[in-house]
J.: 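Sharing a structure below in structure tokens format, with a few things to ask.
Order of the sequence lines fixes the chain letters, A, B, ..., with proteins taken first and strands second; residue numbering starts at 1 for each chain.
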There are 2 protein chains.
Amino acid sequence: MLLSTKGRYGLKASLELAFFYGKGPLNLKSISEKYNIPESYLEQLLSKLKKSGYIDTIRGKQGGYLLAKEPKDITVGMILRALEGEITSSDCLKNDKCGEENTCVTRIIFEDIEKSINNIIDNTTLEDMIHKRKQIYKEAH
Amino acid sequence: MLLSTKGRYGLKASLELAFFYGKGPLNLKSISEKYNIPESYLEQLLSKLKKSGYIDTIRGKQGGYLLAKEPKDITVGMILRALEGEITSSDCLKNDKCGEENTCVTRIIFEDIEKSINNIIDNTTLEDMIHKRKQIYKEAH
DNA sequence: TCTAATCTTGACAAAATTAGTAGGGTATTA
DNA sequence: TAATACCCTACTAATTTTGTCAAGATTAGA
Ligand code: FES
Ligand code: FES
């Protein structure tokens, strides 16, 4: 499996923040309840996203989390990498554990897979996803 | 990470068998030594591939493993799925743990990723990889 | 000022998965 | 018939995932 719940939870939360961009902070509980994500776990994820610079926080009453940049300037890849680390098809690509180095054929296909994954996640912004959500709602109603 | 060592080891071994297709069986030790894969571990993987019908075995002296079909009839996807189970970007796609079901936007991107992965692994056969290996050797020498 | 709401931090723990190890059993053939 | 090689199951170690918990810091608003 490419992504764990970290990426899934974190991306959903980011998307929620993107949806509220410009409308004030969202607190942890509201997000964790809406998407049924354990509060303390989500907290850790949002903390990572903050350290990576994608999220800002406001402490104290009425505080919460908000996107640090415009939705169009945050890609899905940024969020996923902040949470899951490098997104890779096989870790031999990063740590060359293979031994065959330059003549490994298996490597070629792993690279192909990885390129196509990166191509998707690096070319989809949170704004793109908001647009898609709007389309979905239109179709549903 | 999309693939564990299971898929990596197993794909390498399968490729080795594909390379020797029609030239008699290869024994476990020769493969495990060549690619530096723990013997007993590889044994388990090859056993799975046998149960899935991609590999035949010959017991006893002079025995070993051989591909059960022509390299052109075995895809990378078949091997990987036999070893790793369903290849997926996020398991919410299989077990709909999400709760939003039909209106989940996050799901869309996971589906895109998965399609592009499947597109690659289902359209690459072991024979394709053998051709690539030959090209690589030509370039290297 | 007091207090409740909120994020902050770091340690801890349970569960699941991965990556092996080990060893006895079975079939084949030189 | 002995050596070779696959077969099978159980066990273990290591790692990662998926949380839980508690004490603290900050702030808005009564
Ligand atoms: S580099 Fe990944 S298997 Fe060779
Ligand atoms: S279906 Fe996967 S996050 Fe909604």
J.: Can you name the nearest heavy-atom pair linking M129(A) to T106(B), along with the distance?
T.: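 M129(A) and T106(B) have their closest heavy atoms at CE-CA, 3.8 Å.
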
J.: Report yes or no: does N118(A) contribute a side-chain atom to a donor-acceptor pair with the main-chain N or O of K115(A) at less than 3.5 Å?
T.: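 No, because the side chain of N118(A) does not come within donor-acceptor range (under 3.5 Å) of the backbone of K115(A).
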
J.: Among residues 55-63 of chain B, which ones have heavy-atom contacts with DNA chain C below 4.0 Å?
T.: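 When residues 55-63 of chain B is checked for heavy atoms under 4.0 Å from DNA chain C, the hits, listed by number, are R59(B), G60(B), K61(B), Q62(B).
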
J.: Rounding to a whole Å, what distance do you find between L66(A):CG and dC7(C):P?
T.: 10 Å

J.: Which pair of non-hydrogen atoms, one from P25(A) and one from I58(A), has the smallest distance, and what is that distance?
T.: CG-CD1, 4.1 Å

J.: So which of Y65(B), Y41(B), Y54(B) actually passes side-chain contact (heavy atoms from CB on, under 4.5 Å) with L46(B)?
T.: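 Considering Y65(B), Y41(B), Y54(B), a side-chain contact (heavy atoms from CB on, under 4.5 Å) with L46(B) is found only for Y65(B).
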
J.: Within this structure, what is the NZ-to-C1' distance between K29(B) and dA5(D), rounded to whole angstrom?
T.: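 Rounded to whole Å, this separation is 11 Å.
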
J.: Of the non-hydrogen atoms in I136(B) and T103(A), which two are nearest, and what is the gap between them?
T.: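 So the minimum-distance heavy-atom pair works out to CG2-CA, 4.0 Å.
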
J.: Under 3.5 Å, is there a donor-acceptor pair between the N119(A) and S116(A) side chains?
T.: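 No.
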
J.: Across nucleotides 10-19 of chain D, 5' to 3', mark each nucleotide with B, S or - according to how protein heavy atoms within less than 4.0 Å reach it.
T.: B------SBB

J.: Taking the nucleotide of DNA chain C with the closest heavy atom to each, which residue, S47(A) or S40(B), is nearer the 5' end?
T.: S47(A)

J.: Rounding to an integer number of Å, can you tell me how far L17(A) CG sits from dC7(C) C1'?
T.: 14 Å

J.: Taking any heavy-atom pair under 4.0 Å as a contact, classify L46(B): base, sugar-phosphate, or nothing.
T.: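 Nothing, no heavy atom under 4.0 Å.
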
J.: Roughly how many Å is it from CG in N27(B) to P in dT28(C), rounded to a whole number?
T.: 17 Å

J.: If you look at every heavy atom in S14(A) and L67(A), which pair is closest and at what distance?
T.: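 Here S14(A) and L67(A) meet closest at O-CD1, 4.0 Å.
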
J.: Which heavy atom in F110(B) sits nearest to a heavy atom in S90(B), and how many Å separate them?
T.: CD1-CB, 3.6 Å

J.: Rounding to an integer number of Å, can you tell me how far L26(A) CG sits from dA5(C) C1'?
T.: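 Going from L26(A) (CG) to dA5(C) (C1'), I get 15 Å.
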
J.: Specify the separation, in whole Å, of atom CG of L45(A) and atom P of dT20(D).
T.: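 These atoms are roughly 12 Å apart.
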
J.: Please report, rounded to the nearest Å, how far the C1' atom of dC8(D) is from the NZ atom of K50(B).
T.: 12 Å

J.: Can you see which heavy atom on I113(B) is nearest to which on S89(B), and at what distance?
T.: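 I113(B) and S89(B) have their closest heavy atoms at CG2-CB, 3.9 Å.
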
J.: Over how many whole Å does the gap from L42(B) atom CG to dC8(D) atom P extend?
T.: 16 Å

J.: Indicate, yes or no, whether a donor-acceptor pair under 3.5 Å links the base of dC7(D) to the side chain of E43(B).
T.: yes

